[in-house]
Amino acid sequence: MRGAVAGFAILSTAAHAVVRNVGTAATVLGLAARATRSFSVGLLASTTLLKMISGAGVAKLAGLLRLAATAARHPSPATSAGSLPPFC
């Protein structure tokens with residue numbers, strides 16, 4: 001009888017250790033998932049911001065090039081006459 005009680009005590013201790021380790025592992029995995037989620041949200045936000053910035057930069061460059069092309073095709077009378085504008 002004492003042997004059976006000792007065996008159950010050992011099994012209970014072992015089961016408790018396994019459950020505690022599984023609980024610890026689950027907690028760590030939950031924290032890792034939360035950290036990964038936060039990181040991915042931050043990465044998504046920074047990528048979106050970078051796309052907006054680069055898109056705005058490309059749009060500005062295209063606008064400036066369009067203005068330069070228009071100015072090259074249609075020179076103003078002040079520049080075609082060879083005179084400088086009065087503010088220079």
Side-chain angles (χ1 to χ4, degrees):
M1 183 77 166
R2 285 187 179 176
V5 171
F8 280 118
I10 291 172
L11 286 175
S12 174
T13 304
H16 178 70
V18 168
V19 169
R20 186 181 44 162
N21 288 335
V22 168
T24 302
T27 302
V28 169
L29 285 174
L31 291 174
R34 190 175 303 148
T36 303
R37 190 176 331 128
S38 298
F39 177 72
S40 65
V41 167
L43 191 61
L44 177 65
S46 64
T47 303
T48 304
L49 183 63
L50 186 61
K51 283 182 181 179
M52 286 174 38
I53 290 171
S54 65
V58 170
K60 284 181 184 177
L61 180 62
L64 289 175
L65 290 175
R66 190 175 304 129
L67 285 175
T70 303
R73 274 183 275 160
H74 306 290
S76 68
T79 57
S80 62
S83 63
L84 292 175
F87 56 84
C88 288

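Quantities reported herein were computed from a predicted structural model and do not represent experimental measurements.
For L64, there are no side-chain contact (heavy atoms from CB on, under 4.5 Å) partners, not counting sequence neighbours. Residues passing the side-chain contact (heavy atoms from CB on, under 4.5 Å) test with T48 are L44, M52, sequence neighbours excluded.
F39 forms part of a hydrophobic cluster together with L43, judged by ILVMFWY side-chain heavy-atom separations under 4.5 Å.
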Would you list the atom pairs, donor with acceptor, under 3.5 Å between side chains in residues 13-22 and any protein atom, with sequence neighbours excluded?
{"from": "T13", "atom 1": "OG1", "to": "A9", "atom 2": "O", "distance (Å)": "2.8"}
{"from": "N21", "atom 1": "ND2", "to": "A17", "atom 2": "O", "distance (Å)": "3.2"}

